[in-house]
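The analysis underlying the following values was restricted to heavy atoms, covering all of them including side chains, and did not include hydrogens, waters or symmetry mates. Just follow the structure's listing: the first ligand is 1, and inside any ligand the first atom is 1.
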Amino acid sequence: MGFLSTVCVFFFFLGVKVYCQYENYQWDEDYDEEPDDVYQPEFQLRQNVDYGVPFYQHPLGCASECFCPPNFPSSMYCDNRKLQTIPNIPAHIQQVYLQFNEIEAVNTDSFINATHLKEINLSHNKIKSQKIEHGVFAKLSNLVQLHLQHNNLEEFPFPLPKSLERLLLGYNEISRLQTNAMDGLINLTMLDLCYNHLDDPMLQEKNLAKMEKLMQLNLCNNRLESMPPGLPSSLMYLSLENNSISSIPENYFNELPKLHALRMSHNQLQDIPYNIFNLSNLIELNVGHNKLKQAFYIPRNLEHLYLENNEIEST
Ligand SMILES: *[C@@H]1O[C@H](CO)[C@@H](O)[C@H](O)[C@H]1NC(C)=O
Ligand SMILES: *[C@@H]1O[C@H](CO)[C@@H](O)[C@H](O)[C@H]1NC(C)=O
Ligand SMILES: *[C@@H]1O[C@H](CO)[C@@H](O)[C@H](O)[C@H]1NC(C)=O
Ligand SMILES: *[C@@H]1O[C@H](CO)[C@@H](O)[C@H](O)[C@H]1NC(C)=O
Ligand SMILES: *[C@@H]1O[C@H](CO)[C@@H](O)[C@H](O)[C@H]1NC(C)=O
């Protein structure tokens, strides 16, 4: 530990903020720096709020189990209602909030008229992969955001609409990924797969590079033993914390010139090439809680470096 402090002081002179103790930081699902054309819902209401107009009849219709605010008629709120099935979604609805229910299945019937849907939030339910009717999401050709985190999915959902920009699948049990499952997702900017059961073979030959707009990829808390192959060169944020990755191939980051943040704490990194992090856009690097023994090159633009719990000695 005393040795580590020496390393910290040294790096500080280079203008890098080095975190030698564990510090909690926020890895937001949403990045502030996203371009303006990324879809944003018109507004958000807080969960569990009594909106106070129980007998209001929406002129275009609203499922009786749900609430459609008069001022925001394209949104339907059905969250926190102990629902076991998805209500029928009227044709004019663009955002449907179904999080925190007991929904087990996703059937085409509920969505039959809902061709204008842009956002579906089905997080915190009990959905299993085989209970998702084939093609139910793919038909929604305007869908840009799909929240399925905190469910019981065992398989990466397939097929999905090509319009999708943000796909949240964290906290499931995903251990299967069809070869072409990601192929059509050309507009995806954010993919969250943290807290699943992904391993190396699942990511082989999956053509992730075809997602040419992907900016953020979260693969934390999975079972990876090597760096994910074939990532798209658009990537800016890569999260790989708490896997079992032990090395980084020599030219791995050549294909990722835009990388801003790399999070790799809680892995098994031991020997890495001295220049591996010589990346001109890298601002944040977290390699805490690994087994690194030797110092490595710190790029000039780096602002945040996390190094705690390694075995680094000065040279
Ligand atoms: C779909 O729309 C048709 C025509 O407006 C209507 O009759 C039918 O009940 C709707 N179905 C659902 C499931 O909402
Ligand atoms: C979707 O549900 C999650 C809870 O899992 C919540 O944090 C998020 O704010 C919801 N998204 C929207 C746009 O309401
Ligand atoms: C992808 O995004 C572009 C730009 O927002 C849009 O014009 C295009 O229609 C989208 N593609 C699909 C398949 O939705
Ligand atoms: C890492 O994952 C293991 C389970 O695979 C879990 O027990 C542990 O709490 C996780 N550690 C962190 C720091 O997330
Ligand atoms: C870092 O990369 C640049 C080119 O991008 C190169 O000129 C420089 O020599 C490299 N520095 C080290 C220490 O490898």
Side-chain angles (χ1 to χ4, degrees), residues 14 26-30 34-49 66-67 69 72 74-81 83 93-103 115-127 137-153 159-172 182-190 192 194-195 210-215 234 250-259 272-282 294-302 315:
L14 300 175
Q26 200 75 33
W27 180 281
D28 291 334
E29 282 175 356
D30 297 278
E34 284 188 58
D36 295 338
D37 65 353
V38 171
Y39 166 78
Q40 296 287 343
E42 289 173 61
F43 80 122
Q44 287 190 13
L45 293 180
R46 273 174 295 133
Q47 283 152 5
N48 271 331
V49 173
C66 307
F67 175 68
F72 298 95
S74 68
S75 298
M76 187 159 95
Y77 286 81
C78 319
D79 52 306
N80 286 284
R81 279 163 170 76
L83 297 180
I93 294 297
Q94 294 182 17
Q95 294 89 17
V96 62
Y97 299 104
L98 289 154
Q99 65 269 26
F100 292 101
N101 281 297
E102 289 157 23
I103 295 165
T115 51
H116 293 106
L117 272 182
K118 290 182 175 170
E119 177 177 355
I120 302 173
N121 195 337
L122 273 166
S123 61
H124 291 274
N125 276 287
K126 297 177 176 170
I127 300 166
F137 295 124
K139 285 182 188 143
L140 306 171
S141 60
N142 294 302
L143 195 67
V144 288
Q145 280 206 53
L146 179 57
H147 295 250
L148 280 167
Q149 65 270 37
H150 292 276
N151 275 285
N152 303 327
L153 302 181
L160 293 171
K162 296 184 196 312
S163 52
L164 214 54
E165 292 175 13
R166 298 168 59 79
L167 177 57
L168 292 103
L169 296 170
Y171 296 90
N172 278 285
M182 294 175 179
D183 279 6
L185 303 179
I186 47 166
N187 269 356
L188 209 63
T189 58
M190 192 293 191
D192 179 24
C194 283
Y195 293 90
K210 285 187 183 169
M211 299 187 282
E212 286 177 357
K213 295 184 184 170
L214 195 68
M215 287 191 293
S234 50
E250 184 85 36
N251 296 317
Y252 184 81
F253 295 111
N254 287 7
E255 310 301 317
L256 303 175
K258 295 185 175 166
L259 204 62
I272 53 171
Y274 175 76
N275 285 337
I276 192 77
F277 300 123
N278 184 10
L279 303 166
S280 54
N281 288 310
L282 199 66
Q294 270 151 23
F296 49 83
Y297 179 75
I298 310 288
R300 288 289 146 142
N301 291 330
L302 201 69
T315 45

Between ligand 5 and the protein, find all N/O pairs closer than 3.5 Å and give the distance for each.
unit_1: ligand 5; atom_1: 2 (O); unit_2: N278; atom_2: OD1; d: 3.4
unit_1: ligand 5; atom_1: 2 (O); unit_2: N278; atom_2: ND2; d: 2.3
unit_1: ligand 5; atom_1: 11 (N); unit_2: N278; atom_2: ND2; d: 2.8
unit_1: ligand 5; atom_1: 14 (O); unit_2: N275; atom_2: OD1; d: 3.2
unit_1: ligand 5; atom_1: 14 (O); unit_2: N275; atom_2: ND2; d: 3.0
unit_1: ligand 5; atom_1: 14 (O); unit_2: N278; atom_2: ND2; d: 3.3

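P257 pairs by the side chain to side chain contact (heavy atoms under 4.5 Å, CB included) definition with S233, not counting sequence neighbours. The side chain to side chain contact (heavy atoms under 4.5 Å, CB included) test applied to S163 returns L143, P161, not counting sequence neighbours. Residues passing the salt bridge (charged side-chain N to carboxylate O under 4.0 Å, His left out) test with K258: none are found, sequence neighbours excluded.
Taking every heavy atom of N187 and a limit of under 4.0 angstrom, the matching atoms of ligand 3 come to 1 (C), 2 (O), 3 (C), 8 (C), 10 (C), 11 (N), 12 (C), 14 (O). Applying the 4.0 Å criterion to heavy atoms of S163 picks out, from ligand 3, the atoms 12 (C), 14 (O). Ligand 2 places these atoms under 4.0 Å from at least one heavy atom of S123: 1 (C), 2 (O), 3 (C), 4 (C), 5 (O). Within the listing of ligand 2, atoms 1 (C), 2 (O), 10 (C), 14 (O) sit less than 4.0 angstrom from a heavy atom of Q99. Close approach of ligand 2 to H124 is summarised as follows: ligand atoms under 4.0 Å from at least one heavy atom of the residue are 4 (C), 5 (O).
Residue L148 forms a side-chain contact (heavy atoms from CB on, under 4.5 Å) with just one option from L153, D192, L168, and that option is L153. Between Y77 and the options F72, F100, Y97, a ring pair (Phe, Tyr, Trp, His ring centres under 6.0 Å) holds for only Y97.
Between N121 and ligand 2, at least one pair of N/O atoms sits closer than 3.5 Å.
Heavy atoms of E119 approach ligand 2 to within less than 4.0 angstrom.
Counting only heavy atoms from C-beta outward, the side chains of L98 and C78 approach each other to under 4.5 Å. Residues L117 and I93 have side chains in contact (heavy-atom distance under 4.5 Å, counting atoms from C-beta outward).
Between M211 and L185 the shortest heavy-atom distance is CG-O, 3.6 Å.
Within a 6.0 Å radius of CD in E255, no more than 12 heavy atoms belonging to other residues, nucleotides or ligands are found.
Residue contacts with ligand 3, taken as heavy atom pairs separated by less than 4.0 Å, do not involve E165 at all.
Below 30°, between 30° and 60°, or above 60°: for F277 and F296 the angle between ring planes is above 60°, a perpendicular geometry.
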